[in-house]
Amino acid sequence: MCTLQQRGSVFVLTLTGDGEHRLGHALISSLRSAVASAAEAAAKAGPGAALVTVGEGRFFSNGLDIGWAGTSRARLSELVAALRPLAADLLALPMPTVAAVTGHASAGGCLLALCHDYCVMRGDRGVLYMSEVDIGLPLPPYFMAVLRAKITAANALRDVALRGKKVRAAEGKEMGIVDAVYPSADETAAEAFKLAEQLAARKWDGGVYASIRMSMYPEACRSVGIVEESDEEKRKHFASKL
Amino acid sequence: MESNKDLCTVERRGRVHLITITGAGEHRLNPDLLAALRSAVAASAGAGALVLAAEGKFFSNGFDQAWARTAPPHLHGTMDGGLRALVADLLALRMPTVAAVTGHAAAAGCALALVHDAVLMRGSRGFLYMSEVDVGIKFVDFVAAVLRDKVPDAAARRDLVLRGDRVAAPEAVRRGLVDAAIDGGPEDVVAAAVAEAERLAARGWDGEAVAEIRKAAWPQLWGQVKDHGAGPAPAGVRPRL
């Protein structure tokens with residue numbers, strides 16, 4: 001399902017196998033465990049860590065496990081609800097995060113990528129694709145909140161959400177969604193790792209990093225269920241750092 | 001306590017009210033400087049536009065942690081409270097505002113520059129730098145709101161606040177952070193800012209309309225600061241639509 005490796009200061013989260021990496025209960029659960037382990041290990045090691053998420057095979061992730069959900073609305077709702085805390089984990093993660101989009105990232109899979117601070121993507125194949133409009137499903141509120149937080153050019157948001165555009169890496173870069181484009185999956189993964197190393201080398205305090213990130217996307221954070229830190233708590237932190 | 005005229009000067013150039021933070025230091029935003037700036041802003045009544053500039057290598061290097069280290073913790077709030085009030089005053093100001101970023105603008109100093117309607121920056125020296133991530137300081141709510149409202153592009157904002165980029169003027173223009181990069185020395189930046197302010201003043205806009213439109217344009221930011229400023233002057237007779 002997924003593995004977590006630590007290579008120096010970088011945690012590499014890999015969606016394993018040649019399949020679609022459909023986000024069902026088991027994979028979501030494994031991802032949450034892995035992300036929590038990374039956070040715990042980083043807390044022990046001190047400042048200077050980063051996470052890279054990468055997919056093996058043709059897919060980054062093709063979204064929620066709608067095969068399992070079948071025609072059951074209840075099951076689909078369950079999966080939507082199950083993914084939400086993973087999105088929260090990533091948005092609150094006390095370290096920089098990089099999505100290495102090494103294959104198709106659709107719907108929930110695209111959302112997963114967008115929950116990272118940086119997206120690097122292969123240019124030779126693969127698309128970012130919010131398929132919901134084509135399938136006939138509304139976007140869950142927290143999906144839309146994350147899209148609105150990360151895709152800030154109005155026509156880009158329109159194209160991704162309302163037109164079901166299949167966005168290739170180069171275009172994603174023009175739209176401000178993708179930070180860098182590389183010729184192949186391997187190079188994408190390697191460069192994502194390098195970027196993560198560079199970010200980790202800045203030795204940012206993880207708690208501060210996460211706090212600043214969350215203050216940039218308050219609506220998305222509220223939407224995924226993150227409780228906002230009070231100004232009083234921040235002030236205490238400020239005083240403690242003098 | 002130093003008097004206002006030591007910490008910043010005010011002068012009129014035509015219709016422009018020019019405030020200059022004085023001295024060769026970092027212009028750290030401590031309660032004294034913030035109070036002086038608030039007075040200077042209040043003294044703009046009757047002008048057609050406001051420019052905020054600074055002497056020396058720095059526009060402002062942010063909050064004064066050295067002051068905070070010696071001040072009792074219950075007074076720390078007067079520092080970010082002072083900036084919150086200054087931001088409220090600038091947002092509610094009945095005339096266009098222009099920041100002349102003559103030197104480095106970091107952290108709260110960068111946020112202060114961005115609050116202005118227009119930002120002109122020295123082309124060859126100085127950078128914008130949201131240093132908080134590097135220094136390990138969390139954002140106060142209204143500073144986060146300045147960044148969200150004034151740097152709407154997600155990637156540009158992320159690079160500034162989550163990567164601690166030091167952004168020089170040409171790049172700042174490209175990223176949409178500032179309006180123009182000005183060649184020459186600090187005096188040239190001030191002259192260009194004053195010229196821009198004079199052009200804005202020449203539009204003859206009704207001050208109350210400017211203030212109301214501005215507050216409505218940045219609702220997240222205004223919402224965070226609105227109860228902290230100097231408050232409205234007596235209302236004019238112009239009816240609201």
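Chain letters run A, B, ... following the sequence lines, proteins first and then strands; every chain starts at 1.
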Item to check | Pairs of heavy atoms under 4.5 Å with chain B: top-ranked of A:Pro218, A:Pro96, A:Ala153, A:Gly176 | outcome: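 Of the options given, most contacts go to A:Pro218.
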Next on the checklist: Keeping B:His27 on the side-chain end and B:Asn61 on the backbone end, is there a donor-acceptor pair under 3.5 Å?
Outcome noted: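 No, because the side chain of B:His27 does not come within donor-acceptor range (under 3.5 Å) of the backbone of B:Asn61.
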Next on the checklist: Which atoms of B:Arg69 are under 4.5 Å from chain A, going by heavy atoms: the side chain, the backbone, both sets, or neither?
Outcome noted: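 Contact with chain A: backbone and side chain both.
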Checklist entry - Between B:Phe127 and B:His104, what is the ring plane arrangement, given parallel below 30°, perpendicular above 60°, and tilted in between? => result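 Plane angle between 30° and 60°, so tilted.
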Taking every non-hydrogen pair under 4.5 Å, which of [options] racks up the most with chain A?
| options | result |
| --- | --- |
| B:Arg158, B:Met130, B:Arg148, B:Arg157 | B:Arg158 |
| B:Asp134, B:Leu147, B:Val140 | B:Asp134 |
| B:Ala145, B:Ala66, B:Pro73, B:Pro152 | B:Pro152 |
| B:Lys138, B:Gln65, B:Arg163 | B:Lys138 |

Checklist entry - Do A:Arg7 and A:Glu197 meet the salt-bridge criterion of a basic N to acidic O distance under 4.0 Å? => result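 Salt bridge flag = no for A:Arg7 with A:Glu197.
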Checklist entry - Using 4.0 Å as the upper bound for N to carboxylate O, is an ion pair formed by A:Asp179 and A:Lys173? => result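 No, no charged N to carboxylate O under 4.0 Å.
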Item to check | Cation-aromatic face contact A:Arg122/A:Tyr182, 6.0 Å, 45 degrees | outcome: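 Pair A:Arg122/A:Tyr182 does not count as cation-pi.
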Checklist entry - Does NZ or CZ of B:Arg28 fall inside the cone over B:Phe63's six-membered ring, less than 6.0 Å from its centre and within 45° of the axis? => result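 Not flagged: B:Arg28 not positioned over aromatic ring of B:Phe63.
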Given heavy-atom pairs under 4.5 angstrom as the criterion, report whether the side chain, backbone, both or neither of [X] touches chain B.
| X | result |
| --- | --- |
| A:Arg213 | both |
| A:Ala210 | neither |
| A:Glu229 | side chain |
| A:Ser215 | both |

Checklist entry - Got a second to check how far A:Leu147's CG is from A:Leu111's CG, nearest 0.5 Å? => result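 So the CG of A:Leu147 and the CG of A:Leu111 are separated by 6.5 Å.
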